[in-house]
Amino acid sequence: MQTAPDTDMMDLHYQATADGFAEAARTFDEDEEGNILLLWMRERSARLMNQAFAPGSMLLELGCGTGIEAARLVAGGHRVVLTDVSAGMLERAVPKVSAVREAGLAGAHQMPAAHIGTLVDRYGRGAFDGAYSSFGPLNCEPDPAPVAHGLAELIRPGGRVVLSVINRICPAEVLWYALHLMPGTATRRLRGPALSSAVPGAAPSFLTYYYSPSDFARAFSGGFRVLGCRALPLILPPPYTAHVMRRFPRLFQLLGRLDDALAALPIFRSMGDHFLMELERV
Ligand SMILES: C[S@@+](CC[C@H](N)C(=O)[O-])C[C@H]1O[C@@H](n2cnc3c(N)ncnc32)[C@H](O)[C@@H]1O
């Protein structure tokens, strides 16, 4: 885990991240629609959230993007407060979610996840039945501890948190880039934060931090207990290889089945492109 930079540095970091994702917001939904790996991952994350959140829950989303998850949860009868560091993302998420059910959108705030605790003044202590953050927003935070402290204030005892976070150890990525004779890229996650871009091919402009499940278990240990964790995915390669997987549908299905069988087993569950973790507020 990295030492927290000073406030001015953090403002610059969040601004660079917000700008990078504002650019991505324009094509985010179309890019995902054609990506069989991302859809496979989202299906598993959605399944876990459906089990974790009781019907009619009041939920908080960190890094909502264009509102894909929130729209689904609101359609399922939950109420959601959206947060994201990028105004460009919220501009898309808010109309999408309120079009599903206006009363389902309980609020929207432009803020980094690290500042989530400030929402206690607005919604009250323990106001939420659960929270979630899907597919990498928390990898843009240099330290998960302030997020954990904020959520401990906001989530009621017994409430659940579901997180998907880009993992530091991803054997499929190492193999993929080793086969492409790109050793530097193959080991990028192990070397600490990396300059990234949110749009494929764009110049890298903000930092991504890679975490292990134990980094998160430790950061959340003051107010939460870990209920489960799986690799997402373990054997299937990362989403940027979807163009290859699409050409081999039977291999994709076979690897997917193997993935589901192995991804939650000890050792395997601490690897993968992302990890998917469920926590309970104690
Ligand atoms: C890969 S997208 C995922 C979006 C959404 N969760 C989904 O599942 O489609 C990452 C999102 O995290 C947001 N984000 C990046 N850094 C953040 C931070 N520090 N706090 C909150 N949101 C952040 C970005 O603006 C972007 O909307």
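All of these numbers come straight from a predicted model, not from anything done at the bench. Every heavy atom of this structure was used, including side-chain atoms; hydrogens, water molecules and symmetry mates were not.
Put simply, Leu60 and Met277 are part of the same group of oily side chains (I, L, V, M, F, W, Y) that touch within less than 4.5 Å, one to the next. When hydrophobic clusters are built by joining Ile, Leu, Val, Met, Phe, Trp and Tyr residues whose side-chain heavy atoms come closer than 4.5 Å, directly or via intermediates, Leu276 is grouped together with Leu73. When hydrophobic clusters are built by joining Ile, Leu, Val, Met, Phe, Trp and Tyr residues whose side-chain heavy atoms come closer than 4.5 Å, directly or via intermediates, Phe248 is not grouped with Leu254. Residues Met182 and Leu175 fall into different hydrophobic clusters, defined by Ile, Leu, Val, Met, Phe, Trp and Tyr side chains chained together at heavy-atom separations under 4.5 Å. Tracing side-chain contacts under 4.5 Å through hydrophobic residues (I, L, V, M, F, W, Y), one never reaches Met49 starting from Leu279; they form parts of separate clusters.
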Would you please test Phe128 and Leu151 for side-chain contact (heavy atoms from CB on, under 4.5 Å) and show each step? CA-CA 9 Å; Phe128 291 90; Leu151 288 179; over 6 Å; no
Please determine whether salt bridge (Lys or Arg N to Asp or Glu O under 4.0 Å) holds for the pair Asp129 and Arg79, giving the CA-CA distance in whole Å, both sets of side-chain angles, and the decisive distance to 0.1 Å. CA-CA 10 Å; Asp129 301 305; Arg79 281 180 306 144; over 6 Å; no
Verdict with supporting geometry, Gln110 and Val85, side-chain contact (heavy atoms from CB on, under 4.5 Å): CA-CA 5 Å; Gln110 187 190 354; Val85 78; 5.9 Å; no
Decide yes or no on side-chain contact (heavy atoms from CB on, under 4.5 Å) for His109 and Thr118, but give the supporting numbers first. CA-CA 11 Å; His109 307 271; Thr118 62; over 6 Å; no
Test log, rule side chain to side chain donor-acceptor pair (under 3.5 Å), inputs Asn139 and Thr208: CA-CA 6 Å; Asn139 293 95; Thr208 296; over 6 Å; no
Show, in sequence, the C-alpha distance, side-chain angles and deciding distance for Arg269 and Leu234, and conclude whether the side-chain contact (heavy atoms from CB on, under 4.5 Å) test is met. CA-CA 8 Å; Arg269 66 181 171 226; Leu234 170 71; over 6 Å; no
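The shortest distance between side-chain heavy atoms of Asp215 and Pro213 does not fall below 4.5 Å. Counting heavy atoms from C-beta outward, Leu37 and Thr241 have side chains that approach closer than 4.5 Å. Inter-residue side-chain proximity for Pro239 and Asp273 is flagged as met; some heavy-atom pair is nearer than 4.5 Å. Put simply, the side chain of Pro142 reaches to within 4.5 Å of the side chain of Met10, judged on heavy atoms. At a threshold of 4.5 Å between non-hydrogen side-chain atoms, the residues Thr83 and Cys64 do not count as touching. Residues Met41 and Phe135 have side chains in contact (heavy-atom distance under 4.5 Å, counting atoms from C-beta outward). Contact annotation: the side chain of Phe220 approaches that of Leu163 to within less than 4.5 Å [non-hydrogen atoms, C-beta and beyond]. Taking the side chain as every heavy atom from C-beta outward, Phe224 and Val161 approach each other to under 4.5 Å.
Here the OG1 atom belonging to Thr66 is positioned 10.5 Å from the CD atom belonging to Glu30, to the nearest 0.5 angstrom. The distance from the CG atom of Asp143 to the NE2 atom of His149 is 8.5 Å, given to the nearest 0.5 Å. How far CZ of Phe53 is from CG of Leu59: 5.0 Å, rounded to the nearest 0.5 Å. With rounding to the nearest 0.5 Å, the separation of CD in Glu23 from OG in Ser86 is 10.5 Å. Rounded to the nearest 0.5 Å, atoms CD1 (Ile68) and CD (Glu61) are 9.5 Å apart. Between the OG1 atom in Thr17 and the NE2 atom in His13 there is a gap of 4.0 Å [rounded to 0.5 Å].
Side-chain polar atoms of Glu141 and Tyr14 form a donor-acceptor pair below 3.5 angstrom. Between the side chains of Ser214 and Arg218, no donor-acceptor pair is found at a separation under 3.5 Å. Arg72 and Asn50 share a side-chain donor-acceptor pair at under 3.5 Å. Counting only N and O atoms by type, the side chains of Asp11 and Gln15 include no donor and acceptor under 3.5 Å apart.
Between Trp176 and His180, the ring planes lie tilted relative to each other; the angle falls in the 30° to 60° range. Ring orientation note: the planes of Phe21 and Phe206 are tilted relative to one another, at an angle of 30° to 60°.
The number of heavy atoms from other shown groups lying within 6.0 Å of CZ (Arg191) is above 12. Surrounding CD1 of Ile267 are at most 12 heavy atoms belonging to other residues, nucleotides or ligands under 6.0 Å away. Heavy atoms from other residues, nucleotides or ligands lying under 6.0 Å from OH of Tyr123 number more than 12.
Residues forming a side-chain hydrogen bond (donor to acceptor under 3.5 Å, both in side chains) with Asp84 (at least two apart in sequence, or on another chain): none. Not a single salt bridge (charged side-chain N to carboxylate O under 4.0 Å, His left out) links Arg281 to another residue, sequence neighbours left out. Under the ring pair (Phe, Tyr, Trp, His ring centres under 6.0 Å) criterion, Tyr132 pairs with no residue at all, not counting sequence neighbours.
When all heavy atoms of Pro171 and Met271 are compared, the closest pair comes out as CG-SD, 3.8 Å. Taking every heavy atom of both residues into account, Ala25 and Gly88 meet most closely at CB-O, 3.8 Å. The shortest heavy-atom contact between Val199 and Ser197 is O-OG, 3.1 Å. Contact between Ala71 and Val97 at its shortest, heavy atoms only, is N-CG2, 3.9 Å. The minimum heavy-atom distance between Leu195 and Ser205, with the atom names listed, is CD2-C, 3.9 Å. Smallest separation of non-hydrogen atoms from Ala70 and Leu82: CB-CD2, 3.4 Å.
With Ser270 contributing its side chain and Pro266 its backbone, the two residues share no donor-acceptor pair below 3.5 Å. Distance alone, capped at 3.5 Å, is enough to place a donor-acceptor pair between the Arg101 side chain and the Val74 backbone. Using modelled atom types, no side-chain atom of Asn167 and backbone atom of Cys170 make a donor-acceptor pair closer than 3.5 Å. Of the possible polar contacts, one joining the Arg246 side chain to the Gly34 backbone as a donor-acceptor pair under 3.5 Å is found. Asp259 places a side-chain N or O within donor-acceptor distance of the main-chain N or O of Leu236, the cut-off being under 3.5 Å.
We find that Arg92 and Asp29 are not joined by a salt bridge, their nearest charged nitrogen and carboxylate oxygen being 4.0 Å or further apart.
With ring centers used as reference points, Tyr177 lies under 6.0 Å from Tyr240. Taking the six-membered ring where the residue is Trp, the centroids of Tyr211 and His274 are separated by 6.0 Å or more.
Both cation-pi conditions hold for Arg44 and Trp40: the charged atom is under 6.0 angstrom from the six-membered ring centre and inside a 45 degree cone around its axis.
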